[in-house]
Amino acid sequence: MAVEPLIELRDVNKYYGQSHVLQDVSLTVHRGEVVVVIGPSGSGKSTLCRTVNRLETVQSGSILLDGEPLPDEGRGLARLRTEVGMVFQSFNLFAHKTVLQNVSLAQIKVRGRKREDADRRSRELLDRVGLAPQADKYPAQLSGGQQQRVAIARALAMDPKALLFDEPTSALDPEMINEVLDVMKQLAESGMTMVVVTHEMGFARSAADRVVFMDGGRIVEDRTPEEFFTAPESERAKDFLSKIL
Ligand code: ADP
Ligand code: MG
């Protein structure tokens, strides 16, 4: 089976002022692949995600989605944001809209779907993340884990080519982490292309095809979870793992 690259970063460099936060970063994510990104705080993980859906621009290097350079602006950029969904640590749901409305809104406004069709799709997705009974509630009536699952359903509603997760469980109480990771594992098994920044090593071991370890703005290791967890090559990865495992 030919596995095509879906996301490709080639020699990407990004600065914030004097600070060189992505240093010659090259990364290929194939269609259907799950890549877990780990590394210490400040190593550039969020910046990496944000450059892929162009929430941030880069100073040099190229980023390709499906073989095409990322669009700079306009319609192309709006389309990119639907093609590469993002799930953040904070769920960013609209507080004054119901769960169903939260999932339907962008389908109507961005995808141009009729409300009826959008709502039907939303209900399917809410069912998939185990929240069908919560469709008419407001975000504040849900737990953090439930809100994050709504955010995942909302991202899926755009029929994205890939989903980026930036520490999706970091803001959750411990007892809610697994319900979110379980939904992410199901997605991974369904063939969704995913880039996941997380400190959940159990998830990395069980769901990742590859683990990317970042430190100081660089990709230091890019290997299978098996290789990475049993025999990390770099001192920096060994040190990081010894602190979190
Ligand atoms: P991580 O997600 O791995 O913790 P980030 O990508 O958030 O790391 O940050 C990488 C580096 O870039 C850090 O040194 C951080 O302070 C810096 N940084 C992130 N966002 C900004 C910004 N908007 N302006 C200036 N510096 C930033
Ligand atoms: Mg971060």
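Ligands are counted one by one from 1 in listed order, and the atoms in each one are counted from 1 as well.
In summary, the atoms of ligand 1 found under 4.0 Å from a heavy atom of Thr47, numbered by their order in the structure, are 5 (P), 6 (O), 9 (O), 10 (C). Heavy-atom proximity to Ser43, at under 4.0 Å, picks out these atoms of ligand 1: 1 (P), 3 (O), 8 (O). Distances below 4.0 Å separate heavy atoms of Ser46 from the following atoms of ligand 1: 1 (P), 2 (O), 6 (O), 7 (O).
Inside a 4.0 Å radius of atom 15 (C) of ligand 1 there is not any protein heavy atom. There is a protein heavy atom closer than 4.0 angstrom to atom 6 (O) of ligand 1.
The residues Lys243 and Asp239 are annotated as salt-bridged, a charged nitrogen and a carboxylate oxygen being separated by less than 4.0 angstrom. Comment: Asp127 does not engage Arg120 in a salt bridge, judged by the lack of any side-chain N to carboxylate O separation of less than 4.0 angstrom. Taking 4.0 Å as the cut-off between side-chain N and carboxylate O, Arg31 and Asp66 count as a salt-bridged pair.
Note: an N/O pair closer than 3.5 Å links Lys45 and ligand 1 by distance alone.
A donor-acceptor contact shorter than 3.5 Å is absent between the side chain of Thr169 and the backbone of Leu172.
Taking the ring centre of Tyr16 as origin, the terminal cationic atom of Lys14 falls inside the region bounded by 6.0 Å and 45° from the ring axis. Geometrically, Arg205 engages Phe229 in a cation-pi contact defined by less than 6.0 Å to the ring centre and at most 45° from the axis.
Nearest protein heavy-atom contact of atom 13 (C) of ligand 1 is Gly42 O, 3.7 Å. Looking from atom 8 (O) of ligand 1 to the surrounding protein, the closest heavy atom is Gly44 N, 3.2 Å. Atom 11 (C) of ligand 1 has its closest protein heavy atom at Val21 CG1, 3.3 Å. For atom 23 (N) of ligand 1, the closest non-hydrogen atom of the protein is Tyr16 CE2, 3.6 Å.
Side-chain contact of Tyr138 with Gln101: a donor-acceptor pair under 3.5 Å is absent, judged by distance alone.
Using a 4.0 angstrom heavy-atom cutoff, Pro40 counts as in contact with ligand 1. The closest approach between Ser41 and ligand 1 falls below 4.0 Å for a heavy atom of the residue.
Summarising the geometry of Val87 relative to Ala151, their closest heavy-atom pair is CG2-O, 4.3 Å, with the distance given to 0.1 Å. Closest heavy-atom contact between Phe228 and Arg223: CA-NH1, 4.3 Å.
With a 4.0 Å heavy-atom cut-off, ligand 1 is reached by no atom of Ser19.
Among the atoms of Ser46, an N, O or S atom is found under 2.8 Å from the Mg ion (ligand 2).
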